[in-house]
Each structure stands twice: as structure tokens, then as C-alpha cells.
Participant: 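Would you mind keeping the following structure in view while I ask a few things?
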Number of protein chains: 2
Amino acid sequence: MDERSRRKILDVLRVLSESEKPLGGTRIAHALALAGKDMSQRTIRYYLSLTDTEGLTEQVGRRGRRLTEMGSRELETAYVADKVGFVAARAEALIFGMDYKLRQGRGRVVVNMSTLDRADLPRAKEVMRRVFQAGYSLGERLLIGEPGQRMGNFTPQPNEVVVATVCSVSVNGVALAEGMPMTNRFGGLLLVSEHRPVRFTQIINYDGTTLDPLEIFIKGQMTSVQRAAETGEGVIGASFREIPAPAAEKARRLAARLERSGLGGILLVGRPGQPLLEVPLPPGRVGMVVRGGLNPLAAVEEAGIATSNRAFGQLFPFEQLRSYREVLK
Amino acid sequence: MDERSRRKILDVLRVLSESEKPLGGTRIAHALALAGKDMSQRTIRYYLSLTDTEGLTEQVGRRGRRLTEMGSRELETAYVADKVGFVAARAEALIFGMDYKLRQGRGRVVVNMSTLDRADLPRAKEVMRRVFQAGYSLGERLLIGEPGQRMGNFTPQPNEVVVATVCSVSVNGVALAEGMPMTNRFGGLLLVSEHRPVRFTQIINYDGTTLDPLEIFIKGQMTSVQRAAETGEGVIGASFREIPAPAAEKARRLAARLERSGLGGILLVGRPGQPLLEVPLPPGRVGMVVRGGLNPLAAVEEAGIATSNRAFGQLFPFEQLRSYREVLK
DNA sequence: GCTGGATGCGGCAATATTGCCGTGTTCATT
DNA sequence: AATGAACACGGCAATATTGCCGCATCCAGC
């Protein structure tokens, strides 16, 4: 049984779980078509015969199959490992909750929350400062919360400090407010050479994971943000977005405005119909690349300092964040 | 060779066509992964061996395959039949070009352009009036252009009249202006009973066709809008949209405001996590159903009057459209 | 209770994919 | 020129899908 099939089988079981009555191949195929998934009736029956064997489903006369107890449980646990669209949903909810006004430079944006040991803070500051300075962060603001201070609904433990950095989906929120629908394509690791983006070396689609892709890469020590900041050669976190082609010009202007507002993070905006960094695009769309908000923390982790990161942490008033020049003195 | 494979092969050829250098399985698989398509290297080589046989590709030593002349031509013609995402792109461009202001009730919206024989107009008016009256249209406005009048960049031929109706993607535009990103899921035929939507009987995903789904169904005489308007039982054109779950409440309010502005068309707004009309939704999203803007024309076609329809025709100032009560007197 | 149509089932066989693997080439470097 | 990594190729065999088909049930309506 391969991965792909497993997933398709889960799709089938999911349909069954949403129906009280038993269903057969035809109706299931119908339901899946509505979900945008094509599968022949025969194939569905083929899967069902497999799940029958595994005891996940059972026949009810000729009226169709239904899930067994075991099947329901299987489905629930599988959900955990396969929360398709979960990150995407959370990101969207946060984006929708933003009320940042670009003109006024205030309002809530989406921030990442990271924690690290208080004792490591001085060294971490130094590392992060270099990353901000080299322009590999998202915007130039952040906030460090010491124990006793509250940061949104987050309170540092006694020996911890909390670092809030702007999350890259904040860019989507600003764009949306400007009437520009921006969709997340994937997050990944971006190879940088001479301080210029070259290509993505690893990608994770947003709708297949539970974590923000960058969190995973940070934990896996797969980045080299420090080196990138110092020599211009390295691998940083970044994500790929898409907008409608007619919005491309506006996006370029937006990038400049964001830069001036301390929210700069748009690395590249492509051209209609042209692949961007080798990533192909559907007709009528243009791609863009946005720096990852967690890059400074990735650098910290690279420096051997343990961090714990939570992307898409929460909404936080932008005006309460401070310039890194001030905070990381 | 089945349909599915054909499409996958085209994906592979497309990658080849975008590269000047010959490529082999590994790199092609890489490129496809960036496009969100998974295919094993072996499978790609398998396809390539097939296309080699057909003369669409050829080997270049061990450096990989490249497209032959024939291959390029094949790809171009295939594009015509398989303009994936083409409608979606056009719709998006138009949406982005809208400047309709809900508060003021003016500005450009997306309209469909239909033409019919001038001689049929009186009868067509009667038919359309019933549809508007029964509330199966999108909004309550339209415009009929006689020869000599210009309608946007459209001029009726001597014996024709042009009918402009509001296109359902205008709703997306209004929503976008309110900060609510709405995506088109599919268009299709909606079964109606007792004037209430029951379920979709046919669907066509937007990104697999060149035409607006409803155009196809109208041509195929698959609707029964007249019957729906008169008895409450029938099949009308409608489309399925998706919005982020947190936007659901706002969408409901928007539906009411649109109604008051003569742009009513939102039939249903679902609940988070709940399937809507049996259509399953990803976590964190809610579905909605919007009436098709071409329904009045579908009814005309049903009445045996030939029409020609162009959905997503162009942008047109809403304030220049008139209430059906006035136009279809 | 009878009947037509819709739906369900699974055997069989033809395709379609994909993993495994041994053999060559290409290419950037040393 | 020598070398090793990265790729390319295609045979073979194991899976995964899917079309075709004959037959069993279910269900709504008469």
C-alpha cells in the first residue's frame, strides 16, 4: 500500500463517515467529484474491498458499505497525521483578523512567537541583529518579552524570554486590504547567492502539513541564515505566493511601500506567464517570493541556541513592535 | 492512452518546452513538484519513451530529452483544448478591474454579453421577465442594446440585440473590496425544488475548461430555468464559491446588502466545517452558492430562441444597467 | 405484490504506474 | 587526464487503476 493510495482511501472513508446511510461506489464517486477528486467507481469498490479486509468498512446487504467502529477511529487518528489544509486555514483566519492600516502604520498584524532561554538572550540578540541588518528578516521590527511582561495572550515562563517577529502572512493581509487576493503556494528553503535568491531547494506545500514549513526546517537545522547574512551565500526560509497577473504592478508598488513602513519582505515579484525562480505559474498569475519571518530565529538556532517557534502565533499591534536597531542594541 | 495520462504527459512536455536545455526524469520531476504535481521519475521516463515513439520528443545523448518540432506544435494545439485555468484567469482579471462601490451603487461590474435575433426580442423579454421576477437571476438589472447603440466595446449587428446581464463573479469583486477573498470552486447545474436549492446535478471545475460552465449547459439545453421560475421545480445554473470560515458572518450580511442594491444572488452561505448541499469543504472554509447570471438567457434558449452567450464578457458601469421592471415592461 | 430503473458487487483482463537496479554519460573539479 | 557526484536510460516485475460485464438488490410508484 503506498502513500498516495492511503490518502485516496482516506478520502473515500471520509465520505462514508459523513453519511448516515451506507453508500456504494457510485454515490461515493459523486461525492468525491464535488470535492474535486476524480476516481472511478470501480476503483472505489476496489479500495472498499481492501478496507473490508482490514475491517475498516463493512457491507450492509447490497445497500452499500458503512464505516465500522474501527474505521471511524482510524479516520480520526489519520486526521491528525493528515490535517490537510490546516495551516492554510489558520493562516487565513489570522489574515482575516488583521486590521493593520498601511497608511497609519498601526493595527494588528500576524506575528510568530518564539521562546528561548533567558541566559542565551545576549548572544541571540547579536545573532538576530546581524540577520536584520543584512535584510533577511521580514520587516525590521520585533519585540522581546521578559518574564513578567505579557505579550498578547502569551506570558514568558520564569527563565524564558519571548520573541515576537512579524509573520510573512502579514503581507497577505496588507495585500488583501488593498484589494489584492494573494494565495500561499508553498513555503521552503531558498538558496541565496551573492545576496540574491537563486532557487528553492526544499518545499512543503501549505496544505499538506500541520506546521508552518519554516518551523520544520528550523528544527531540522536545514537553514544557513547566518552564513547568508554574512557572506551572501546560504539557505534561508522563504515562501512562494501567487497573485492575479493584473495585480503585478500594484504588487511592486506595494513592496516599496511596505519597505518604507518597516514591513519589507517581498523579495521578488514575477512577470505574467513567466516562471519565477523556475517555479511555473498557471496562466494569468504571477508569482512572488516573501522572506520568512522566522529567519532571525533560524539563525539563533544555527548558533546552537535552542529555540521553540510557533509560526502564525497570533495577532499583535504593529505599533507595539520596535525597530531592531532599538531592541537589539 | 486515457484522458488522465494524456494530461500528465502534457504537463511533462510543458516542462520540456520551457527549458532550452534537454532534461531527464529527475529534473522534470523536480520542476513538476514545484508546480504541485507529483510524479515519479520512472513514470516520467515511461511517458517520455511513449512520446519518443510518437515523435514528440527525442533523446540528446544522455543529457536528456528535448521537444521535437512536432512536439512543440502538438503542445500548442493541445493548449487550445486544454487551457487549464484559463477561465479562472480571465475571471480574476475582470474581478480585479472592478471598481463598483457598494455604498454608492455605482462603478463597473462584470457583465455577460448575449446576443439574439431582433425579431425574437418581444418573446425573449417576456421569458426573461418571469425569470427575474421569480428571483432566479443575478440581481435585478440588465440592459438591452439595439443596433446602433454601443455597449461597452460591443456593437450589435443590424439584426441583433445585445443583452447585458450581471455576471456572478461580480459578487466576488464586491466581496474582495470588503476584504473577503472568495474563490470559485465550480459552476454547475443546481436542482431546485419548491424554490429551494437541493443539490448540484452537474458540475464543471473552473480550471478545466475554456468556457464558463453555464455557457456549456445552456448550449446543451440542460437547464429548466423556465420551469423553475414557474413551478419552483427545475434545474438552474449556479456556482459554488468558498470563503474563509471567519468571514461567514460578514458574508451573510453582505448577501443582504447586495440584495438591497439590486445585486442579490447569494443563495446560500454554509457553516464552518459543514458540507453545503453535500459539497464537502476543507477545514476552515465555508461554502456558498451563487445564482448564475445567465439564467434568464438560459430560459430564453429553452423557449426555443437561439442565443449566443459570452460569460465574463467585460466590465460595465452598474449604474447604466436598468431594473428589469423597466426594461422588460 | 409487481416492475423498471438505479445502484451495488466483484471477477477478469487490460492498462497505467512505480520501485529496483545495473549501465552509461556528463560535468565540474582536482 | 582522473574522479566522483549527479543524472539519464530502460528492462523487469510488482502494484495500482480502471473498463467491461453479468448478476443481485433496493426502492419508488402503480
Side-chain angles (χ1 to χ4, degrees), chain A residues 1-13 15-16 19-34 37-54 56-68 191 193 198-199 201-202 233 278, chain B residues 1-13 15-16 19-34 37-54 56-68 191 193 198-199 201-202 233 278:
Chain A
M1 177 73 51
D2 85 356
E3 170 60 21
R4 246 180 308 272
S5 313
R6 199 78 220 150
R7 191 162 294 222
K8 290 189 196 171
I9 288 182
L10 286 176
D11 288 334
V12 172
L13 295 187
V15 170
L16 276 185
S19 156
E20 339 77 65
K21 294 187 303 182
L23 299 178
T26 309
R27 302 187 218 203
I28 294 178
H30 216 267
L32 286 175
L34 289 175
K37 296 166 188 172
D38 289 325
M39 219 180 286
S40 81
Q41 307 181 359
R42 187 64 189 81
T43 303
I44 290 169
R45 282 201 298 278
Y46 164 65
Y47 286 147
L48 287 175
S49 69
L50 295 184
T51 54
D52 274 354
T53 312
E54 295 180 54
L56 302 179
T57 50
E58 62 186 0
Q59 288 191 29
V60 184
R62 285 270 163 167
R63 275 180 301 163
R65 306 290 217 299
R66 74 174 161 218
L67 276 189
T68 59
L191 176 64
S193 179
V198 178
R199 95 174 74 85
T201 58
Q202 296 284 330
E233 313 286 316
E278 300 171 30
Chain B
M1 178 72 51
D2 84 354
E3 169 61 20
R4 246 179 310 271
S5 313
R6 199 79 221 152
R7 190 163 293 221
K8 291 188 193 170
I9 288 182
L10 287 175
D11 288 334
V12 171
L13 296 186
V15 171
L16 275 184
S19 157
E20 339 75 66
K21 294 186 304 183
L23 298 178
T26 310
R27 303 187 217 206
I28 294 177
H30 214 268
L32 287 175
L34 288 175
K37 296 168 187 172
D38 289 325
M39 220 180 288
S40 82
Q41 307 181 1
R42 188 64 190 79
T43 304
I44 291 170
R45 283 201 297 278
Y46 163 65
Y47 287 147
L48 287 175
S49 70
L50 294 184
T51 54
D52 274 355
T53 312
E54 295 179 53
L56 302 180
T57 51
E58 63 188 359
Q59 287 190 34
V60 184
R62 285 269 163 167
R63 275 179 299 165
R65 306 290 218 297
R66 73 174 163 220
L67 276 189
T68 59
L191 176 64
S193 178
V198 177
R199 96 175 73 86
T201 58
Q202 297 284 330
E233 312 286 317
E278 300 170 30

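Every chain is numbered from 1 and lettered A, B, ... according to where its sequence line falls, protein lines coming before strand lines. Predicted, not measured: the structure shown is a model, and the values here were computed from it.
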Participant: Out of curiosity, A:I44 CD1 to A:L32 CG, how far, rounded to the nearest 0.5 Å?
Facilitator: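 It is 5.0 Å, given to the nearest 0.5 Å.
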Participant: Restricting to non-hydrogen atoms, name the atom on B:P22 and the atom on B:G64 that form the minimum distance, rounded to 0.1 Å.
Facilitator: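 Where B:P22 meets B:G64 most closely, the heavy atoms are CB-C, 3.9 Å.
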Participant: With rounding to the nearest 0.5 angstrom, report the CG to CG distance, A:L23 to A:L48.
Facilitator: 9.5 Å
Participant: What is the distance, to the nearest angstrom, from the NZ atom on B:K21 to the P atom on D:dC7?
Facilitator: 11 Å
Participant: In whole Å, I'd like the distance from the CG atom of A:D11 to the P atom of D:dT17.
Facilitator: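 Distance check: A:D11 CG to D:dT17 P gives 12 Å.
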Participant: Any side-chain N or O of B:K8 below 4.0 angstrom from OP1/OP2 of C:dA16?
Facilitator: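 Checking B:K8 against C:dA16: no side-chain N or O falls below 4.0 Å of OP1 or OP2.
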Participant: For the side chain of B:R42 and the base of D:dG11, is some donor closer than 3.5 Å to an acceptor across the two?
Facilitator: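 Such a pair is found, so the answer is yes.
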Participant: Does C:dA16 have OP1 or OP2 under 4.0 Å away from a side-chain N or O of B:Y47?
Facilitator: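 False: B:Y47 side-chain N/O out of range (4.0 Å or more) of C:dA16 OP1/OP2.
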Participant: Give one of base, sugar-phosphate or nothing for A:G64, where a contact means two heavy atoms less than 4.0 Å apart.
Facilitator: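 A:G64: backbone/sugar contact only, no base atoms under 4.0 Å.
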Participant: To the nearest Å, how far apart are A:R7 CZ and D:dA16 C1'?
Facilitator: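 Going from CZ in A:R7 over to C1' in D:dA16 covers 17 Å.
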Participant: For the pair made of CD in A:Q59 and P in D:dA24, what is the distance, rounded to whole Å?
Facilitator: 15 Å
Participant: Remember a base hit wins even if backbone is also touched, and classify B:Q41 as base, sugar-phosphate or nothing at under 4.0 Å, heavy atoms.
Facilitator: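 No contact at all - B:Q41 keeps every heavy atom at 4.0 Å or more from the nucleic acid.
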Participant: Please give, in whole Å, the distance from C:dT17 C1' to B:I28 CD1?
Facilitator: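 Those two atoms, CD1 and C1', are 16 Å apart.
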Participant: Can a side chain N or O of B:S49 be found less than 4.0 Å away from OP1 or OP2 on D:dG10?
Facilitator: no
Participant: Tell me whether the side-chain N/O atoms of A:R65 come closer than 4.0 Å to OP1 or OP2 in C:dC9.
Facilitator: yes
Participant: When you check the phosphate oxygens OP1 and OP2 of C:dG11, does a side-chain N or O of A:Y46 lie under 4.0 Å from one of them?
Facilitator: no
Participant: Could you tell me whether the phosphate oxygens of D:dT17, OP1 or OP2, come under 4.0 Å of any side-chain nitrogen or oxygen in A:S40?
Facilitator: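 Indeed not, no polar side-chain atom of A:S40 lies that close.
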Participant: Would you classify A:R45 as touching base, sugar-phosphate or nothing, given that sugar-phosphate means primed atoms plus P, OP1 and OP2, and contacts are heavy atoms under 4.0 Å?
Facilitator: base
Participant: List the atom of A:A29, the atom of A:Q41, and the distance in Å for their closest heavy-atom pair.
Facilitator: CB-CG, 4.1 Å
Participant: Shortest non-hydrogen contact from B:L16 to B:R65?
Facilitator: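 Reported closest heavy-atom pair: CD2-O, 3.4 Å.
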Participant: Grab the CG-C1' distance between A:L23 and C:dC9 for me, whole Å please.
Facilitator: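 Rounded to whole Å, this separation is 15 Å.
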Participant: Using whole Å, report how far NZ of A:K37 lies from P of D:dT17.
Facilitator: 15 Å
Participant: Side-chain N or O of B:R63 less than 4.0 angstrom from OP1 or OP2 on D:dC9?
Facilitator: no
Participant: Output the rounded distance in Å from CZ (A:R27) to P (D:dC26).
Facilitator: 12 Å
Participant: For the side chain of B:R62, starting at C-beta, report the closest nucleotide among C:dT7, D:dA24, C:dT26.
Facilitator: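 Of the candidates, C:dT26 comes closest.
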